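A short write-up of the structure that comes next.
Numbered from 1 within each chain, the chains take letters A, B, ... in sequence-line order. For clarity, every value in this text was computed on a predicted model and none was experimentally measured.
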There are 4 protein chains.
Amino acid sequence: MGLEEYRRSVSENKHAAILKAGRKHFLEHGYSGAAAADIAREADVSTATLYKHFSSKEELFVAVVKDADHEEEIPPFPDNASLEDTMVAVLNNYLITHFEKNATALLRIVIAEVPGAPDLARDTFNEFIVSRYQKLADIVDQLIAHGTLKPHDSHFGVRLLIGAIKEHYIWPALFDNKTTMPEHAEDVIRQVVKDYLRLYGT
Amino acid sequence: MGLEEYRRSVSENKHAAILKAGRKHFLEHGYSGAAAADIAREADVSTATLYKHFSSKEELFVAVVKDADHEEEIPPFPDNASLEDTMVAVLNNYLITHFEKNATALLRIVIAEVPGAPDLARDTFNEFIVSRYQKLADIVDQLIAHGTLKPHDSHFGVRLLIGAIKEHYIWPALFDNKTTMPEHAEDVIRQVVKDYLRLYGT
Amino acid sequence: MGLEEYRRSVSENKHAAILKAGRKHFLEHGYSGAAAADIAREADVSTATLYKHFSSKEELFVAVVKDADHEEEIPPFPDNASLEDTMVAVLNNYLITHFEKNATALLRIVIAEVPGAPDLARDTFNEFIVSRYQKLADIVDQLIAHGTLKPHDSHFGVRLLIGAIKEHYIWPALFDNKTTMPEHAEDVIRQVVKDYLRLYGT
Amino acid sequence: MGLEEYRRSVSENKHAAILKAGRKHFLEHGYSGAAAADIAREADVSTATLYKHFSSKEELFVAVVKDADHEEEIPPFPDNASLEDTMVAVLNNYLITHFEKNATALLRIVIAEVPGAPDLARDTFNEFIVSRYQKLADIVDQLIAHGTLKPHDSHFGVRLLIGAIKEHYIWPALFDNKTTMPEHAEDVIRQVVKDYLRLYGT
DNA sequence: AATGAATGAGATTTCATTCAT
DNA sequence: AATGAATGAAATCTCATTCAT
């Protein structure tokens, strides 16, 4: 069994290497721009091996996108923080996570392939975008339950918050190959949160 | 001169036909997915002719994108309309224009080509997105000058409005190959406007 | 008739312009490298006109080569010059004529097209090379008749002279895109002539 | 290692086949006239394979030319041969080698590409022409050292010999698509050698 | 006669994918 | 399982030549 296990681990390493190389190339050059041969070379693997692990370029692409789809950590917030500060921190975290995952580039390639891979796009949208709304909406609902926020449609509220922030920071990045977190985003976030609390705070 | 004019008109027709066919194919299949030969065939023209009119596929692509870049009409508003109604109408028009131009698909392909054609992306962003902010900000500034709205940073305000609306209607469309204007958008728009006026109305 | 003549002269001008432009492009880029469109543009004429004057690229090529085929002037030599000086002058003139006509480049393109245009090559060889041997052989024969040179096969003698000179100056130029007459060629020519006279002088 | 060796041998065979087919087509049709697809077909290989082995048509062309560039064997001469016979044999060998290598056609295509590939032309000239002068000059220098020939500039002497021979046999072949060794060349060679020995023999 | 525009037929090159071992 | 080499199919672009006026 030792041999078999060894083999499996080698194989798994290659699998991971291909995935990683694929991610790099797809993010850098887009779907059509990334060449299977380059990905294989980067992963230090033959093209034939690449195709043993993923039966087509598209399948690798899908795997790359799905793989990026990790859970997002929502950090615990200090009890004594103000509501405003907490919300700013949450939204800031949202933005940081986005840039840390290089999500802009990822979304870019998924968007590019909407006509060619609609299912992937829908899935990605759900897992990457909708589920993040949901997490924030859950928080909002809790705050409403606690009486800290006025009752309102939490999904609507979240889209108000997130929409403004995306409009400021993510939408421009989508067109600008930016990969770094914008500076001073917190100021704008705070302004957005302040308006939100004027509307829905108690 | 009849000859010259005739030739010019024939040539211009072909030029336009190529542009139109290019638009169709690029929107449908993306930049790399669209084949010059197919575009030429669609335009009922030889590939050579296509290349006489546009010296490369990229140049045709840029022309297609720039061509979509028409001025947006802001319709006049009835004098007796309420502020809320007026703003809803303006934003609704924003959305209608977006879908009528098939701007989602257009933005999609531009986004896809950000790594390959960064200048085009920047230009498109400026003309398609920033300049539309500006038009709305101008309106807001006028309303502030009239005392109809409280003084505030009009660009921030516009991003709040537009951000929410995009979040609801444009961002999902980006991932969903939707080409039709969503129904009942006006309800959400009105809700957004109401919140906005609670914040900045007088 | 005035009108007709005018037209004819215009047409002849265009013909000449095309020929000249053709010569330039063929010499610079070779047969396949020269584009009909470029030649036409250089001649300030439409491609269609070019094809009215020469029914194919090849025909133009042939015309260009034939056109270069002018008579060579053999300058008169002073009576009191020594035999050696006279022969050096004749051979030097041979070389000068060669470079002035840009014959290296011309021969180059003819040589290149030997498989494709064997007749042209044969004709060019005869008019450009053999006929020049003949002229020199005639001179040699006269000198033999005068008793200034020993009786010998004048064609063999000429090939000895010309062969040495070509070996030094023309053969290298064939491979080097050289267009200018080499300097100090006269020294080598004199040395060749001296050897020749040691063999065949009286 | 059996696998590796097998693969290498297959690959090397294809490499050689492409080279050979390339040589054939380039010699027959010149550089631009030869189509990569035809060469591949002739070599019984896909175009893609051709491009795996040579990354461009030009690279294949250069390889073909360089490949022709084998060392020339100078055969040993019988000790009891006369100087004249030896020299005739050497020069005859020079000519035979030239025609056996089909060097005329090779030089033709290199000459054709002088404007497009000047480096190749220079290299070819050096290895194909200059280095052959050198070999002959070395022989001449030895003969001078032995006292068999009078002291003189061996390079000049070699150009006299070679020049005359090229003038008779190679220059005409350049224009005539001749691929076969001329007959009775030995007679002319002997005549040239005789003159040479009258000048430089002891 | 002249021309601006058009084109059919190819040219080179690339790439996702498979084969033989 | 892994691979080096091979490939069919297609893509972009060019060019000599012709057409419509």
Contact summary for A:Ser32 and A:Glu113, nearest pair of heavy atoms:
OG-OE2, 4.5 Å
Do the side chain of C:Thr124 and the main chain of C:Leu120 share a donor and acceptor less than 3.5 angstrom apart?
yes
Counting heavy atoms from C-beta on, name the nucleotide in F:dT18, E:dA6, F:dC13 closest to the side chain of C:Tyr51.
F:dT18
Find the distance between NZ (C:Lys24) and CG (C:Asp38) and round it off to the nearest 0.5 Å.
10.0 Å
Which residues within residues 30-50 of chain C lie with some heavy atom under 4.0 Å of an atom in DNA chain F?
C:Ala34, C:Ala35, C:Ala36, C:Thr47, C:Ala48
Should the ring pair D:Phe26 and D:Tyr31 be called parallel, tilted or perpendicular, given that the plane angle runs from 0 to 90° and is split at 30 and 60?
parallel
Atom-pair distance (CD1 on B:Ile18; P on F:dT12), nearest Å
14 Å
First of C:Ser56 and A:Lys14 reached from the 5' end of DNA chain F, by closest nucleotide
A:Lys14
Report the nucleotide, chosen from F:dT14, E:dT13, F:dA6, that has the shortest atom-to-atom distance to any side-chain atom of D:Val10.
F:dA6
Between F:dA11 (C1') and B:Lys57 (NZ): distance, integer Å:
8 Å
Integer-rounded Å distance: E:dA6 P and B:Arg8 CZ:
13 Å
Strictly below 4.0 Å: does B:His53 bring a side-chain N or O up to OP1 or OP2 of E:dA6?
yes
note: C:His25, atom NE2; F:dC15, atom P; distance rounded to Å ~ 13 Å
Can you tell me the distance, in whole Å, between the NE2 atom of A:His29 and the P atom of E:dC15?
11 Å
Round to a whole Å and report the spacing from CG of A:Leu60 to C1' of E:dC15.
15 Å
Both distances under 3.5 Å, Watson-Crick or G-U wobble: on that basis, could you give the dot-bracket string for DNA chain F, with [ ] for crossing pairs and | for other-strand partners?
.||||||||||||||||||||
Pi-cation contact, A:Phe128 with A:Lys101 (under 6.0 Å, within 45°)
yes
A:Phe54 has an atom CZ; how far is it from atom C1' of F:dA2, in whole Å?
15 Å
Is D:Asp44 salt-bridged to D:Lys14, going by a charged N under 4.0 Å from an acidic O?
no
Determine whether the side chains of B:Asn102 and B:Arg23 contain a donor N or O and an acceptor N or O closer than 3.5 Å.
no
Nearest-Å distance for atom pair CZ/P, residues D:Phe61 and E:dT12:
13 Å
Heavy atoms under 4.0 Å, any strand shown: does B:Lys52 hit a base, just sugar-phosphate, or nothing?
base
Has D:Arg108 got a side-chain atom pairing as donor or acceptor with C:Val114's backbone, closer than 3.5 angstrom?
no
Tell me what B:His15 touches on the nucleic acid: a base, only sugar-phosphate, or nothing, going by heavy atoms under 4.0 Å.
nothing
Mind running salt bridge (Lys or Arg N to Asp or Glu O under 4.0 Å) on A:Asp123 and A:Lys66 for me, showing each step along the way?
CA-CA 9 Å; A:Asp123 291 355; A:Lys66 300 263 174 190; 2.8 Å; yes
